[in-house]
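First up is the structure itself, then whatever we jot down about it.
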Amino acid sequence: MFREPWEAQAFAMALALHKRGVFTWPEWATALSAEIRRAQAAGDPDTGQTYYHHWLAALERLVVQHGVTTPPLLDARRAAWDRAARATPHGKPITLANDPEGA
Amino acid sequence: MDLRVRALESILVEKGYVDPAALDVLVDTYETKIGPRNGARVVARAWTDPSFRDWLRRDATAAIDSLGYSGRQGEHMVVVENTPDTHNVVVCTLCSCYPWPVLGLPPVWYKAAPYRSRVVLDPRGVLADFGLSLPPQTRIRVWDSTAEIRYLVLPMRPAGTDGWDEARLADLVTRDSMIGTGLPLSPGAGATAGARP
């Protein structure tokens, strides 16, 4: 069902944000189908394997649209997780506290 | 992808939009508690209880909810009934709308472009790919799901099951038979047809 843990997390976040009223479900379906169309237009074979990529892209777009966060904040946070992942010894859980540039 | 998800989740947690423990519960629910066995119970009940079948026809959302399977996305459930003349097939041409409460999360092929686009144009050909060939006189109706309306196919009760109770009947109901890309198992046939991953 979920091939990797991140897919499950992305799935659950969409449900949680909907439950909290951040967006309506029709709004979600519209955003998801728009991402799928965008990906198809960009050459994605759309065989279902990349489904949660589209799901995550739709989620990121909707939270920005609803002012929950901003693209620069998302970018900065990805960079922080990336630094933290590189600074964490193999086999240890990655946390943001391991970001060498973190506060 | 993992970093992108971690980035988004950590921001949402900080701002109080999501609770990591609640996310875990949601994932666990969809991975272990919600699946096509729910739908199979709905179908088996409809096969054995005419008043439940009538209720499904009139108000499937309420009838299904009465068995404890309710959606959280505000979707309206519609049950489409197979008859000797008509076979029903469900798709979501735009994305992947699917009756989660009764079928769990959709299989990969349901989310894939070939199924989504082809089943509308050539339903008979798609069903043949699933190993399902219907008599030429059987009409095939394709139902396109939306965020608001989710369809569940009510397959025909297999012959040779007179006197069977609900639990035994439910074992014959496959996921694909409730999407319309398969038929229920025949009594004594074991798990054969309609067993795509």
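Just so we're on the same page: letters track the sequence lines, and every chain starts at 1. From a predicted model like this one, the values you see are computed outputs, not experimental measurements.
- When heavy atoms are compared at a cutoff of 4.5 Å, B:Y30 approaches chain A by way of both its backbone and its side chain.
- The part of B:D24 that comes within reach of chain A is its side chain, from C-beta onward, which places non-hydrogen atoms under 4.5 angstrom from that chain.
- Contacts between A:I94 and chain B at a heavy-atom distance below 4.5 Å involve backbone atoms as well as side-chain atoms.
- Cluster membership check: A:W81 does not share its hydrophobic cluster with A:L59, using side-chain heavy-atom separations under 4.5 Å among Ile, Leu, Val, Met, Phe, Trp and Tyr.
- With a 4.5 Å cut-off on non-hydrogen atoms, A:E35 does not touch chain B at all.
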Go through it in stages, so that I can follow the logic: the residues are A:L17 and B:V18, the test is side-chain contact (heavy atoms from CB on, under 4.5 Å), and I'd like the CA-CA distance, side-chain angles, deciding distance and then a yes or no. CA-CA 7 Å; A:L17 290 176; B:V18 302; 4.1 Å; yes
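- Proximity to chain B is limited to the backbone of A:P45, based on heavy atoms less than 4.5 angstrom apart.
- Of the atoms belonging to A:H54, not a single heavy atom falls under 4.5 Å from chain B.
- Between the CE atom of A:M13 and the CG atom of B:L8 there is a distance of 4.5 Å, given to the nearest 0.5 Å.
- Under the 4.5 Å side-chain contact rule for hydrophobic residues, B:V80 and B:Y110 share a cluster.
- Among the candidates B:T29, B:V27, B:T93, the residue making the largest number of heavy-atom pairs closer than 4.5 Å to chain A is B:V27.
- Here the side chains of A:W25 and B:T146 are not in contact, with every heavy-atom distance at 4.5 Å or above.
- In terms of heavy-atom pairs under 4.5 angstrom with chain A, the leader among B:A22, B:C92, B:G104, B:S96 is B:S96.
- A:L56 CG to B:D2 CG: the interatomic distance, rounded to the nearest 0.5 Å, is 10.5 Å.
- Contacts with chain B were tallied for A:L73, A:L32, A:V68, A:I36; A:V68 has the most, counting heavy-atom pairs under 4.5 Å.
- Residues B:C95 and A:Y51 have side chains not in contact (no heavy-atom distance under 4.5 Å, counting atoms from C-beta outward).
- Taken from CG in B:L105 to CD in A:E7, the straight-line distance is 11.0 Å, to the nearest 0.5 Å.
- Looking only at side-chain heavy atoms (C-beta outward), B:L26 and A:Q9 stay at 4.5 Å or farther from each other.
- Within 6.0 Å of CZ on A:R86 lie no more than 12 heavy atoms contributed by other residues, nucleotides or ligands.
- Hydrophobic clustering (ILVMFWY, side-chain heavy atoms < 4.5 Å, transitive): B:I149 and B:L103 are in one cluster.
- The shortest heavy-atom contact between A:Q40 and B:A113 is NE2-CB, 3.6 Å.
- Contacts of B:E148 with chain A are made by side-chain atoms alone, with heavy-atom separations under 4.5 Å and no backbone atom involved.
- Contacts between A:R78 and chain B at a heavy-atom distance below 4.5 Å involve backbone atoms as well as side-chain atoms.
- Here B:S10 is the residue among B:S10, B:P114, B:P20, B:P106 with the most heavy-atom pairs under 4.5 Å with chain A.
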Test side-chain contact (heavy atoms from CB on, under 4.5 Å) on B:I11 and A:V63 and set out the steps. CA-CA 11 Å; B:I11 289 170; A:V63 293; over 6 Å; no
Apply salt bridge (charged side-chain N to carboxylate O under 4.0 Å, His left out) to the pair A:R77 and B:E9, showing each step before the final yes or no. CA-CA 10 Å; A:R77 188 56 66 90; B:E9 183 174 341; over 6 Å; no
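- For a residue to count as touching a neighbouring chain, one of its non-hydrogen atoms must lie under 4.5 Å from one of that chain's; by this rule A:A58 does not touch chain B.
- Summarising the geometry, atom OG1 belonging to A:T69 is positioned 7.5 Å from atom CG belonging to B:L12; distances are rounded to the nearest 0.5 Å.
- At a threshold of 4.5 Å between side-chain heavy atoms, the hydrophobic network of Ile, Leu, Val, Met, Phe, Trp and Tyr places B:V25 and B:V13 in two separate groups.
- A:W6 contributes no side-chain N or O that, together with a main-chain N or O of B:M1, makes up a donor-acceptor pair within less than 3.5 Å.
- In this structure, A:K92 places its NZ atom where only 12 or fewer heavy-atom neighbours from other residues, nucleotides or ligands lie under 6.0 Å away.
- When hydrophobic clusters are built by joining Ile, Leu, Val, Met, Phe, Trp and Tyr residues whose side-chain heavy atoms come closer than 4.5 Å, directly or via intermediates, B:L94 is not grouped with B:W143.
- For a residue to count as touching a neighbouring chain, one of its non-hydrogen atoms must lie under 4.5 Å from one of that chain's; by this rule B:L23 touches chain A with backbone and side chain alike.
- To the nearest 0.5 Å, atom CG of residue A:D82 and atom CZ of residue B:R6 are 11.5 Å apart.
- Ion pairing between A:D46 and B:K111 fails under the 4.0 Å rule for side-chain N and carboxylate O.
- When heavy atoms are compared at a cutoff of 4.5 Å, A:L74 approaches chain B by way of both its backbone and its side chain.
- B:W109 has its side chain out of reach of A:T47: every pair of non-hydrogen atoms, C-beta onward, lies at least 4.5 Å apart.
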